[in-house]
Amino acid sequence: MGEEHAVNSPPFVVTDGKTVEECQELIRRSLKMVKFLKEHLEKAGCAFGDNFIKAVRCDNSSGGNFARGVGIRVCSNHMRTQDDVNQIVIHELIHAYDECRAANMNWKNCAHHACSEIRAGHLSGDCHFKRELLRGFMKIKGHEQDCVRRRVMKSVIANPHCSEAAAKDAMEAVWDVCYNDTQPFDRAP
């Protein structure tokens with residue numbers, strides 16, 4: 001994408017996904033659930049036009065991504081259910097919110113990227129116990145933070161500007177501040 005870096009969700013592999021049209025309908029339904037995030041994005045000064053969230057077919061294994069100046073793209077061919085779409089939309093809206101509220105957000109900076117991934121993983125419900133169980137991770141205690149860490153690493157390593165070592169160092173350096181930053185929520189949902 002040239003200078004713009006798309007912030008991809010962690011790998012999301014589905015072989016029997018939706019068509020673009022079916023996914024666009026699921027996105028429309030999802031928008032009813034994310035009014036709070038949409039309102040806070042607009043309050044932070046970022047426009048949320050009709051094409052801000054769009055269904056597309058993807059060649060990679062990501063469920064979707066956010067890119068500055070482009071918006072959110074949901075990979076229809078990797079979506080099966082309304083819940084899949086809701087999860088991606090919420091996760092990517094957290095990235096959009098972070099982009100909007102931070103005047104110096106730089107997705108090439110591993111610490112900036114890691115921070116937004118920590119927030120998106122923690123605040124979106126990506127790592128809810130039920131989701132982790134369905135992924136085959138059955139740790140009872142501490143599963144949420146382990147999941148967020150695992151998913152942050154997958155995403156930040158995919159950033160061409162971040163090596164595995166740089167991603168790990170960045171995640172550890174910003175963990176406490178970013179994990180505890182629940183804006184625009186009062187607390188983690």
Side-chain angles (χ1 to χ4, degrees), residues 1-42 44-102 105-110 112-127 131 135 148 151-162 167 184:
M1 293 183 89
E3 278 301 303
E4 298 305 322
H5 174 71
V7 184
N8 291 314
S9 293
F12 197 98
V13 180
V14 173
T15 56
D16 59 343
K18 300 289 184 190
T19 66
V20 168
E21 294 76 20
E22 290 169 332
C23 187
Q24 201 61 51
E25 176 58 24
L26 295 176
I27 290 169
R28 190 185 64 69
R29 290 183 201 160
S30 184
L31 289 174
K32 293 177 185 174
M33 295 180 51
V34 296
K35 285 182 181 176
F36 178 83
L37 280 171
K38 181 181 174 190
E39 287 171 9
H40 278 78
L41 203 58
E42 290 169 344
C46 292
F48 193 109
D50 290 340
N51 288 323
F52 187 76
I53 305 175
K54 195 171 187 173
V56 296
R57 289 198 60 78
C58 298
D59 294 331
N60 60 24
S61 63
S62 172
N65 64 58
F66 165 75
R68 178 186 304 137
V70 176
I72 295 169
R73 299 298 174 249
V74 178
C75 298
S76 64
N77 49 315
H78 300 307
M79 299 293 112
R80 275 190 253 166
T81 66
Q82 182 70 56
D83 187 58
D84 291 344
V85 172
N86 295 347
Q87 203 57 48
I88 293 295
V89 167
I90 293 167
H91 182 104
E92 300 306 332
L93 279 172
I94 302 281
H95 289 317
Y97 179 79
D98 287 349
E99 167 77 30
C100 185
R101 75 179 181 149
M105 184 67 164
N106 178 358
W107 295 103
K108 293 177 183 178
N109 179 310
C110 302
H112 289 198
H113 187 172
C115 185
S116 190
E117 290 296 344
I118 290 166
R119 288 177 31 75
H122 180 53
L123 300 175
S124 69
D126 283 346
C127 292
R131 279 191 179 78
R135 291 179 190 128
V148 172
R151 294 172 68 79
V152 166
M153 285 299 295
K154 283 182 181 177
S155 186
V156 179
I157 289 170
N159 181 333
H161 304 280
C162 302

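- Counting only heavy atoms from C-beta outward, the side chains of Val20 and Val56 never approach each other to under 4.5 Å.
- Remark: the backbone N or O of Thr81 is paired with a side-chain donor or acceptor of Asp84 at under 3.5 angstrom.
- Using a distance-only test at 3.5 Å, with no hydrogens or angles considered, a donor-acceptor pair links the side chain of Gln87 to the main chain of Ser124.
- Counting only distance, with no hydrogens or angles, the side chain of Ser30 and the backbone of Leu26 share no donor-acceptor pair below 3.5 Å.
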Please test Phe66 against His91 for side chain to side chain contact (heavy atoms under 4.5 Å, CB included), starting from the C-alpha separation and ending with a verdict.
CA-CA 9 Å; Phe66 165 75; His91 182 104; over 6 Å; no
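- For the pair Glu22 (side chain) and Thr19 (backbone), a donor-acceptor distance under 3.5 Å is present.
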Quick one: do Trp107 and His95 satisfy ring pair (Phe, Tyr, Trp, His ring centres under 6.0 Å)? Show the steps, please.
CA-CA 10 Å; Trp107 295 103; His95 289 317; 5.6 Å; yes
Evaluation steps, side chain to side chain contact (heavy atoms under 4.5 Å, CB included), between Arg151 and His122
CA-CA 10 Å; Arg151 294 172 68 79; His122 180 53; over 6 Å; no
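- Closest approach of Cys110 to Val156, counting heavy atoms only: O-CG1, 4.2 Å.
- Under the 4.5 Å side-chain criterion, counting only non-hydrogen atoms from C-beta, His78 is in contact with Cys58.
- Side chain of His113 to backbone of Asn109: no donor-acceptor contact under 3.5 angstrom is found.
- Glu92 and Gly64 get closest at one heavy-atom pair: OE2-O, 3.6 Å.
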Stepwise, does the side-chain hydrogen bond (donor to acceptor under 3.5 Å, both in side chains) test hold for His112 with Asn106?
CA-CA 6 Å; His112 289 198; Asn106 178 358; 5.6 Å; no
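- Put simply, the side chain of Ile94 reaches to within 4.5 Å of the side chain of Leu37, judged on heavy atoms.
- Scanning for disulfide bond (SG atoms under 2.5 Å apart) contacts around Cys115 gives Cys178, with sequence neighbours left out.
- By the 4.0 Å N-to-carboxylate-O rule, Lys35 lies too far from Glu39 to be salt-bridged with it.
- The aromatic rings of Phe48 and Phe52 sit tilted, their planes meeting at an angle between 30° and 60°.
- When atom types are taken as modelled, the side chain of Arg68 and the backbone of Met105 share a donor-acceptor pair closer than 3.5 angstrom.
- Residues Ile72 and Lys54 are not in side-chain contact: their nearest non-hydrogen atoms beyond the backbone lie 4.5 Å or more apart.
- A donor-acceptor contact shorter than 3.5 Å is absent between the side chain of Ser76 and the backbone of Cys23.
- Counting only distance, with no hydrogens or angles, the side chain of Arg80 and the backbone of Asn77 share no donor-acceptor pair below 3.5 Å.
- Contact check for Val74 versus Met79: side-chain heavy atoms found under the 4.5 Å cut-off.
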